[in-house]
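I have placed the structure first, in the form of structure tokens, so that the comments after it can refer back to it.
Being a predicted model, the structure only gives us computed values, none of them experimental.
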Amino acid sequence: MTQLSVPMPDDLQRWVDSRVAAEGYADAADYVRQLVQRDQDEYEADIRRVQALIDEGLASGIIDAEPEDVLREIIAEMREARD
């Protein structure tokens with residue numbers, strides 16, 4: 001396993017120490033590993049979400065309307081939904 005040394009200001013170290021104690025992490029390294037894992041999971045979920053939106057857009061086909069007309073229609077629908 002690779003080791004990583006991260007210097008941090010005292011206030012951040014106190015924060016890490018408080019989170020370790022409050023959440024029952026084994027130590028600061030365990031806490032940091034969990035943060036990095038959570039960030040990786042969220043990033044990958046974002047990539048999947050954007051790819052799904054791209055795929056949905058591509059599958060919806062091409063419309064012949066002008067972009068401005070499409071935007072006007074969307075805005076009108078949003079206004080109707082609010083009223």
Side-chain angles (χ1 to χ4, degrees):
M1 183 178 294
T2 303
Q3 294 224 334
L4 175 66
S5 175
V6 180
M8 63 179 59
D10 291 341
D11 61 328
L12 287 181
Q13 184 62 53
R14 283 190 298 273
W15 173 257
V16 169
D17 293 342
S18 71
R19 300 302 295 153
V20 168
E23 299 298 324
Y25 292 100
D27 53 28
D30 187 35
Y31 175 64
V32 171
R33 275 191 298 275
Q34 292 295 320
L35 287 176
V36 172
Q37 183 64 57
R38 191 176 329 147
D39 181 57
Q40 181 181 11
D41 293 346
E42 289 173 5
Y43 176 79
E44 290 171 355
D46 287 346
I47 295 296
R48 287 190 301 274
R49 186 171 38 260
V50 169
Q51 186 60 57
L53 290 169
I54 290 170
D55 293 345
E56 179 184 342
L58 291 172
S60 70
I62 298 173
I63 58 173
D64 293 328
E66 292 296 320
E68 294 83 6
D69 295 334
V70 173
L71 288 174
R72 277 190 216 97
E73 183 179 322
I74 291 170
I75 291 169
E77 289 174 2
M78 291 173 65
R79 285 183 179 147
E80 287 177 17
R82 278 190 302 198
D83 296 336

Quiz item: Shared ILVMFWY cluster between V36 and Y43, side chains joined below 4.5 angstrom?
Solution: no
Exercise. Walk me through it: do D83 and E80 pass the test side-chain contact (heavy atoms from CB on, under 4.5 Å)?
Key: CA-CA 5 Å; D83 296 336; E80 287 177 17; 5.7 Å; no
Quiz prompt | Nearest non-hydrogen partners of Y25 and Q34, listed with the distance | solution = CE2-CG, 3.5 Å
Exercise. Would you give the length of the straight line joining atom CG of D27 to atom CZ of R33, rounded to the nearest 0.5 angstrom?
Key: 6.0 Å
Exercise. Using atom types as modelled and distance alone, determine if a side-chain donor or acceptor of D30 lies under 3.5 Å from a backbone N or O of A26.
Key: yes
Practice problem: For side-chain contact (heavy atoms from CB on, under 4.5 Å), just list the numbers for L12 and V16, CA-CA rounded to whole Å, side-chain angles, deciding distance to a tenth of an Å, and then say yes or no. | Solution: CA-CA 6 Å; L12 287 181; V16 169; 5.5 Å; no
Quiz item: Take atom CD in E44; do more than 12 heavy atoms of anything else shown fall under 6.0 Å from it?
Solution: yes
Self-check item: Separation between CG of L58 and CD of Q51, rounded to the nearest 0.5 Å
Solution: 8.5 Å
Quiz item: What closest approach, in Å, do A65 and V70 show between heavy atoms, and which atom pair accounts for it?
Solution: CB-CG2, 3.8 Å
Exercise. Could you check R14 against D10 for side-chain contact (heavy atoms from CB on, under 4.5 Å), going step by step and ending with a plain yes or no?
Key: CA-CA 6 Å; R14 283 190 298 273; D10 291 341; 3.4 Å; yes
Quiz item: Same cluster for L4 and V20 if Ile/Leu/Val/Met/Phe/Trp/Tyr side chains link at under 4.5 Å?
Solution: yes
Practice problem: Return the set of residues passing side chain to side chain donor-acceptor pair (under 3.5 Å) with D41 (not counting sequence neighbours), or none when no residue passes. | Solution: Q37
Self-check item: Pairwise distance CD(E23) to OH(Y31) - rounded to 0.5 angstrom
Solution: 8.5 Å
